[in-house]
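Structure first, then comments.
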Amino acid sequence: MPELPEVESARRNLVHWLDGRRVVRAEADASRVFRGARPEDFASLRGRLKSLERRGKYLLFTFEKGRGLLAHLGMTGRFVRRPEGVPVPYSRARLHLDSGSVIHYADSRLFGRLEPCDASRLYELEAVKALGRDPLVDGLNAEQLQEALGSSRQDLKVALMDQGRVTGLGNIHAAEALFRAGLHPARKPASLTPEEWERLADAIHASLAFGLEEQQGEEPAYLEEGAENRFLVYGRAGTACARCGTPVESFTQGGRTTHCCPQCQPPHPGRKPSDARRKRASHRR
DNA sequence: GGAAACCTGAGC
DNA sequence: GCTCAGGTTTCC
């Protein structure tokens, strides 16, 4: 579930929690999140955090003594801090601090990933090397966006979610950015004008900035109970577009549900609407 | 390009 | 009971 804003928020929380503290003990349950690695390797994490960087949806931890950890939250992963002894549902791995707090990695669906390794090797890992430009870490302007996506023959939204081209956008923020830019998700990258690349680059930054604002506080906002949908089109199928009142549509694209406003995001600029398969989806909240 | 896989919970 | 989920990988 988490996209760039949620992962960045997790990074900031972790830095705050670990600032001036020492990990006195680390331990983990055997679980899928370790993939190739072993829980015992996680237990070798110790001491102070030297740095915590984010690339796309990955977190790269460097601890003293050269130990490193690559983390990905998958769909349901999150880091939470609790006092020693307080249980956390689906806790898979824990960092015990000298302050008496415990940082848990909790993950119900186990799509996440924890990979302990030598810190010097973090950026050599295939998963990290394969990542494209990160809009926040590396910056992203219209030219860089076009360079990353322009060669793709996939639909624009599918290309936007390709982590090897630009990293950090997921299903929500890709849809939100396209709405902000007034671009239909099924447009082909090759058809975009320089002005449209410009709008899209701006829209990506705006969407991510909005997502970050929503992530204040220590608990992931998307898990808050009764949280209302604050997005512009995501999850709003059938409801009125905030800009023009036309009902928001949803359809499937690259195996994922896409939301867009057919009025604000014309399928083919200058042409009649086309044939993108759409289905009248029920609302979600 | 699409579907299926990996998992569990929430919602209807 | 069935469908869907903000991710990624793998296999037709």
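By convention in this document, chain letters (A, B, ...) are assigned in the order of the sequence lines, proteins followed by strands, and residues within each chain are numbered from 1.
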Between atom CD in A/E176 and atom C1' in C/dG6, what is the gap in whole Å?
11 Å
Any stacking of A/F111 on C/dT8, going by centres under 5.5 angstrom and planes within less than 30 degrees?
no
Are the charged groups of A/R11 and A/E8 less than 4.0 angstrom apart, N to O?
yes
Span that lies between the C1' atom of C/dG6 and that of B/dG1, in whole angstrom:
23 Å
Aromatic ring proximity A/F34/A/H72, centre distance under 6.0 Å
no
Whole Å only: how far is the CD1 atom of A/I172 from the P atom of C/dC4?
17 Å
Is A/R35 touching bases, backbone alone, or none of the nucleic acid, heavy atoms closer than 4.0 Å?
nothing
Identify which nucleotide among C/dA5, C/dT9, B/dC6 has an atom closest to any side-chain atom of A/T257, counting heavy atoms from C-beta outward.
C/dA5
Convert the base pairs of DNA chain B into dot-bracket notation, remembering that pairs crossing earlier ones are written with [ ] and that bases paired across to another strand are shown as |; include only Watson-Crick or G-U pairs under 3.5 Å.
||||||.|||||
Stacking check: are the rings of A/Y234 and C/dG6 less than 5.5 Å apart at their centres and under 30 degrees in tilt?
no
Return the value, rounded to whole Å, for the distance between atom CG of A/N229 and atom P of B/dG11.
14 Å
Nearest-Å distance, CE (A/M161) to P (C/dA5)?
12 Å
Please give, in whole Å, the distance from B/dG1 C1' to A/K188 NZ?
9 Å
Integer-rounded Å distance: B/dT8 C1' and A/L110 CG
8 Å
Taking side chain to side chain contact (heavy atoms under 4.5 Å, CB included) as the criterion, tell me which of A/E143, A/Q144, A/Q146, A/E147 meets it with A/W197.
A/Q146
Quick one: is C/dG6 close enough that its OP1 or OP2 comes under 4.0 Å of any side-chain N or O from A/R256?
yes
Using 30° and 60° as the class boundaries, would you call the ring planes of A/F63 and A/F61 parallel, tilted or perpendicular?
parallel
Contact between A/I103 and A/R94 at the side-chain level, heavy atoms closer than 4.5 Å - yes or no?
no
Pick the P atom in B/dC7 and in C/dC11, then give their distance to the nearest Å.
15 Å
Ion pair present between A/D41 and A/R67, side-chain N to carboxylate O less than 4.0 angstrom?
no
Distance, rounded to the nearest Å, where A/Q253 contributes CD and B/dG1 contributes P
10 Å
Under a side-chain separation threshold of 4.5 Å, the hydrophobic residues clustered together with A/V24 are none
Salt bridge A/R46-A/E64, side-chain N to carboxylate O under 4.0 Å:
no
Using only side-chain N and O atoms of A/R32, determine if any of them is under 4.0 Å from OP1 or OP2 of B/dC7.
yes
Distance between C1' atoms of B/dA5 and C/dG1 (Å, rounded)
22 Å
Consider the side chain of A/R109, meaning its heavy atoms from C-beta on, and name the nucleotide among C/dA5, C/dT9, C/dG6 that approaches it most closely.
C/dA5
d(CG, A/N171; P, C/dA5) in whole Å:
8 Å
Does OP1 or OP2 of C/dT8 have a side-chain N or O of A/H72 closer than 4.0 Å?
yes
Using a 4.0 Å heavy-atom cut-off, does A/G170 contact any base of the nucleic acid, only the sugar-phosphate backbone, or nothing at all?
sugar-phosphate
Would you say C/dG6 has OP1 or OP2 under 4.0 Å from some side-chain N or O of A/K57?
no
